[in-house]
Q: 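Take a look at the following structure, please.
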Amino acid sequence: MNYYSTNRKAPIATLEKAVVKGLAEDKGLYMPERIKALPQEFFDNIENLSFQEIAYTVADAFFGEDVDAESLKKIVYDTLAFDCPCVKVTDNIYSLELFHGPTLAFKDVGARFMARLLQYFLKKEGKKQVNVLVATSGDTGSAVANGFLGVDGIHVYVLYPKGKVSPIQECQFTTLGQNITAIEVDGVFDDCQALVKNAFMDAELNEHMALTSANSINVARFLPQSFYYFYAYAQMKKIGMADELVVCVPSGNFGNICSALFGKKMGLPIKRFIAANNANDIFYKYLQTGKYEPKPSVQTIANAMDVGDPSNFARIYDLYGKDHAAICADISGATYTDEQIAETICEVKAGTGYTCDPHGACGYRALQEGLKAGEVGVFLETAHPAKFKDTVDRILNDDIEIPAKLQAFMQGKKQSVPMTKDFERFKEFLLAVPNP
Ligand SMILES: *Cc1c(COP(=O)(O)O)cnc(C)c1O
């Protein structure tokens, strides 16, 4: 299958090129040329299939032309070595828990898939070193670093904003060593993202080293996220709750919800979607006004959604033929202040016993406020609450337990390279890296 750029000024790319390059030459995002509808029998029988079986069917529709069946199956099955259960929170609200992977956040799915697919292409082509650049506001860095840790022929540079990532998140990518280098940027997330984007556009740098991105702009990261929407539907169908399903996605860069929208185009019977934002409400405003007006991000307690210019907006816009009314027909929005997020975490805990993380809390609240009679809601619990322990403890006046998996990271020694937000400095640093 070929991939085109959302800006339509770059050459058509193969899957391999789209995965290795990440961003198209015209700074657009790659989109698959076709989105295959899955057969009705698949949906009729979906509740009897395992997560891996469902995911393989979806993966085959996207990647089956480019990756042989056996390899693709192995990539999918290895990626999904953990469950994504739908857990009941209230009578009509369920939590799709996406935090049972190695770094306890949904980004594990895309990152693990991408690492394996990239390795497949490198082996096939007999290529040498590839360098992955990734900007993170927290969870991307840990998921990508752990997804790629120890993978031969790939070096990962994680750029993160100094002082704006929780200590628990930070240790998940600064303590790994091996083929992972953490870079602490004196700036905000958008500065990190700008450094990465500039690096991809810099001819001299690209001459010196093979660069690729593992941000949610990469097709190998964002498309696999559609797997768990199909699986959520299957779980809800199994308990007879899937007839009027509303899925609410706490959104920052909009990669996660975008993969859900691809699922819908493939025939996944989800009635409608809600994109829940924190105070960074650019998409919410777009829905209200039809105008997309990026602005600098503001810091919130749901920091993985502190994005002022969501990259994947370009994909959603393209997917819906730039039609505002069509977008509004499938997606509504919500935006919450830190106070509202905190209030929701308390209310859910007191009312149901369930502990939401600050991102999931936005999702829960949007359903609680927005569900209509007869509808059932699933919100994505995008990370384990313990990843935001300081915040959640303070709000709940509690001392929530840190899962052993997370505890293990906190034992390591932090190593990172300090960096300014000046691109020339970053370029010098990369040019000084010896390249095989
Ligand atoms: C990355 C992240 C989000 C936002 O996902 P996008 O795909 O960027 O919209 C939400 N919650 C958590 C915990 C995250 O790590």
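Excluded from the calculations below are hydrogen atoms, water molecules and symmetry mates; all remaining heavy atoms, backbone and side chain alike, are included. Predicted, not measured: the structure shown is a model, and the values here were computed from it. Read the numbers this way: they start at 1 and go in the same order the structure lists the ligands and their atoms.
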Q: Starting from atom 8 (O) of ligand 1, which protein heavy atom do you reach first, and at what distance in Å?
A: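 Sorting protein heavy atoms by distance from atom 8 (O) of ligand 1 puts Asn253 N, 2.8 Å first.
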
Q: Numbering the atoms of ligand 1 from 1, which are under 4.0 Å from a heavy atom of Asn256?
A: 7 (O)

Q: Taking the ring centre of each residue, are Phe99 and His384 less than 6.0 Å apart?
A: yes

Q: Please find out if less than 6.0 Å separates the ring center of Phe51 from that of Tyr56.
A: no

Q: Within the structure, does Lys107 bring an N/O atom to less than 3.5 angstrom of an N/O atom in ligand 1?
A: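 Indeed, backbone or side chain, Lys107 has an N or O that close.
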
Q: Do any nitrogen or oxygen atoms of His359 come within less than 3.5 Å of a nitrogen or oxygen of ligand 1?
A: no

Q: Give me the nearest non-hydrogen protein atom to atom 5 (O) of ligand 1 as residue plus atom name, then the distance to 0.1 Å.
A: Phe106 CZ, 3.4 Å

Q: Any non-hydrogen atom of Ala105 lying under 4.0 Å from ligand 1?
A: no

Q: Answer with yes or no whether Phe222 contacts ligand 1, where contact means a heavy atom under 4.0 Å from a ligand atom.
A: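 Outside the 4.0 Å threshold, so no.
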
Q: With atoms numbered from 1 as shown, which atoms in ligand 1 lie under 4.0 angstrom from a non-hydrogen atom of Pro250?
A: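 What qualifies from ligand 1 is 4 (C), 10 (C).
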
Q: Salt-bridge test for Lys164 and Asp306: reply yes if a basic N is under 4.0 Å from a carboxylate O, no otherwise.
A: no

Q: Would you please indicate yes or no on a ring centroid separation below 6.0 angstrom for His324 and Tyr286?
A: yes

Q: Any nitrogen or oxygen of Phe254 lying under 3.5 Å from a nitrogen or oxygen in ligand 1? Just yes or no.
A: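 Between Phe254 and ligand 1 (N or O atoms, distance only) the closest approach is under 3.5 Å.
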
Q: Are Phe313 and Tyr317 close enough that their ring centers fall under 6.0 Å?
A: yes

Q: Flag this pair as yes if the NZ/CZ of Lys17 is under 6.0 angstrom from the six-membered ring centre of Phe121 and inside a 45 degree cone about the axis; otherwise no.
A: no

Q: Tell me if the aromatic rings of Phe173 and Tyr160 count as close, with their centers under 6.0 Å from one another.
A: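 Yes: the rings meet the under 6.0 Å criterion.
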
Q: How close does the nearest protein non-hydrogen atom get to atom 11 (N) of ligand 1, and which residue and atom is it?
A: Thr382 OG1, 2.8 Å

Q: Counting only nitrogen or oxygen atoms and a 3.5 angstrom limit, does Gly252 reach ligand 1?
A: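 There is such a contact, yes.
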
